[in-house]
Amino acid sequence: MALSDIDQVLAIEQRSFPTPWSKKAFISEITDNIFASYMVVEKGDKIVGYGGMWVFLDEAHITNIAVAPENRRTGIGEFILKQLIATAVAGGAKRMTLEVRASNHAAQRLYEKMGFERKGLRKGYYTDLREDAIIMWKDDLVQEGASGRASSGH
Ligand SMILES: CC(C)(COP(=O)(O)OP(=O)(O)OC[C@H]1O[C@@H](n2cnc3c(N)ncnc32)[C@H](O)[C@@H]1OP(=O)(O)O)[C@@H](O)C(=O)NCCC(=O)NCCS
């Protein structure tokens with residue numbers, strides 16, 4: 001994600017989350033946060049999705065993933081998550097975590113499909129709608145990132 005992508009990213013963000021991040025938040029993430037990694041998916045010259053995370057020591061924490069409403073259910077969300085996992089593994093992460101709204105079944109399905117498990121609940125974490133956060137973890141990142149290589153050696 002580059003600074004020039006942010007206006008398109010914001011448009012998706014605003015159509016995807018009850019409390020969207022501000023422009024300033026995205027700018028600060030990609031220019032100031034050395035632990036942050038953000039990517040966009042483009043179709044032609046249009047941004048159709050994005051995702052980001054923090055990688056700190058051996059843990060990766062997903063901050064957001066969103067796909068433009070008209071481009072959903074075509075595999076883009078899964079593609080972004082796979083790219084984040086590969087980038088996290090390359091950066092030394094062994095585990096990955098995220099919080100997801102209790103009502104957000106689409107995202108929970110995506111994460112479960114990718115091997116994330118429910119490990120906790122933060123009551124009232126999302127203060128806007130007083131909604132609980134489900135905390136999910138994926139502990140087998142390295143195996144996943146190295147799939148194909150793990151079994152080829154001795
Ligand atoms: C969650 C989100 C990123 C998924 O993106 P997407 O591109 O539509 O997802 P994909 O097409 O890659 O779907 C991958 C898997 O996710 C699950 N999934 C995605 N959308 C789903 C839905 N509406 N209902 C049920 N399962 C869904 C399915 O398991 C799907 O696999 P399948 O196609 O084999 O059934 C998208 O719905 C979105 O942007 N939502 C708003 C923002 C958001 O909630 N982000 C997550 C914050 S934690």
Side-chain angles (χ1 to χ4, degrees), residues 1-2 4-30 33 35-56 58-91 93-141 143-145 147-148:
M1 188 185 295
S4 56
D5 294 331
I6 288 183
D7 285 341
Q8 286 191 70
V9 165
L10 263 186
I12 299 174
E13 172 86 6
Q14 286 162 0
R15 290 190 294 156
S16 299
F17 297 106
T19 304
W21 278 13
S22 64
K23 185 169 188 171
K24 217 170 140 189
F26 279 103
I27 293 172
S28 148
E29 282 287 274
I30 65 173
N33 185 349
F35 301 112
S37 204
Y38 284 81
M39 54 187 69
V40 296
V41 175
E42 289 172 312
K43 235 180 172 180
D45 52 11
K46 182 184 170 233
I47 292 175
V48 292
Y50 60 92
M53 65 182 167
W54 300 324
V55 181
F56 183 68
D58 61 358
E59 280 184 14
H61 187 139
I62 292 192
T63 55
N64 51 20
I65 294 185
V67 175
E70 63 276 16
N71 295 99
R72 288 181 191 161
R73 298 306 316 250
T74 61
I76 296 170
E78 191 170 325
F79 176 74
I80 294 167
L81 191 49
K82 285 181 176 162
Q83 294 302 311
L84 288 173
I85 290 172
T87 305
V89 169
K94 297 197 172 80
R95 288 176 290 279
M96 186 174 249
T97 187
L98 55 90
E99 295 99 24
V100 56
R101 285 177 190 266
S103 66
N104 192 348
H105 301 294
Q108 288 165 39
R109 291 258 170 78
L110 166 63
Y111 299 136
E112 279 163 2
K113 184 177 179 189
M114 296 299 298
F116 283 79
E117 293 173 7
R118 292 159 186 248
K119 290 281 167 80
L121 193 73
R122 282 201 186 109
K123 282 268 171 204
Y125 178 80
Y126 298 102
T127 49
D128 48 8
L129 303 173
R130 293 196 187 166
E131 197 171 349
D132 300 341
I134 295 169
I135 300 163
M136 302 184 82
W137 281 90
K138 181 171 171 60
D139 292 324
D140 58 354
L141 272 201
Q143 271 160 270
E144 189 97 356
S147 64

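Side-chain atoms are counted along with the backbone in the values below, which use heavy atoms only and exclude waters and symmetry mates. Each ligand, and each atom within it, is numbered from 1 in the order the structure gives.
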Give yes if a backbone or side-chain nitrogen or oxygen of [X] is under 3.5 Å from a nitrogen or oxygen of ligand 1, and no if not.
| X | answer |
| --- | --- |
| F17 | no |
| A107 | no |
| V67 | yes |
| A66 | no |
| S16 | no |

How about K46: does its NZ atom have over 12 heavy atoms from other parts shown lying under 6.0 Å from it?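 It does: K46 NZ has more than 12 such atoms within range.
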Is the number of heavy atoms from other residues, nucleotides or ligands within 6.0 Å of CZ (R15) greater than 12?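 Result for CZ/R15: enclosed.
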Not counting sequence neighbours, which residues clear side-chain hydrogen bond (donor to acceptor under 3.5 Å, both in side chains) with K119? List them please.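 For K119, the residues satisfying side-chain hydrogen bond (donor to acceptor under 3.5 Å, both in side chains) (neighbours in sequence not counted) are D139.
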For [X], the ligand 1 atoms whose distance to one of its heavy atoms is below 4.0 Å:
| X | value |
| --- | --- |
| K113 | 29 (O), 31 (O), 32 (P), 34 (O) |
| Y111 | 46 (C), 47 (C), 48 (S) |
| I65 | 3 (C), 42 (C), 43 (C), 45 (N), 46 (C) |
| E99 | 48 (S) |

Side chain, backbone, both or neither: which part of [X] has a heavy atom under 4.0 Å from ligand 1?
| X | value |
| --- | --- |
| E112 | neither |
| T74 | backbone |
| F79 | neither |
| N104 | side chain |
| Y50 | neither |

Protein heavy atom under 4.0 angstrom of atom 2 (C) of ligand 1, is there one? no
Non-hydrogen protein atom less than 4.0 angstrom from atom 39 (O) of ligand 1: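 Yes.
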A student comparing E78, R15, R73 should find that the heavy atom closest to atom 12 (O) of ligand 1 comes from E78
S16 side, atom OG; R72 side, atom CZ - distance, nearest 0.5 Å: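 Reported value, rounded in 0.5 Å steps: 4.5 Å.
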When the ring planes of F26 and W21 are compared, do they come out parallel, tilted or perpendicular, using 30° and 60° as the limits? tilted
Parallel, tilted or perpendicular for W54 and H61, by the 30°/60° rule?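 Correct class here is tilted.
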Would you say E99 and Y126 are linked by a side-chain donor-acceptor pair, where the criterion is simply a distance under 3.5 Å?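 There is no such pair (donor and acceptor under 3.5 Å, judged by atom type) between the side chains of Y126 and E99.
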What protein heavy atom sits nearest [atom], and how far off is it?
| atom | answer |
| --- | --- |
| atom 23 (N) of ligand 1 | A106 CB, 3.5 Å |
| atom 7 (O) of ligand 1 | G77 N, 2.7 Å |
| atom 25 (C) of ligand 1 | R109 NH1, 3.3 Å |
| atom 37 (O) of ligand 1 | R72 CD, 3.5 Å |
| atom 11 (O) of ligand 1 | G75 N, 2.8 Å |

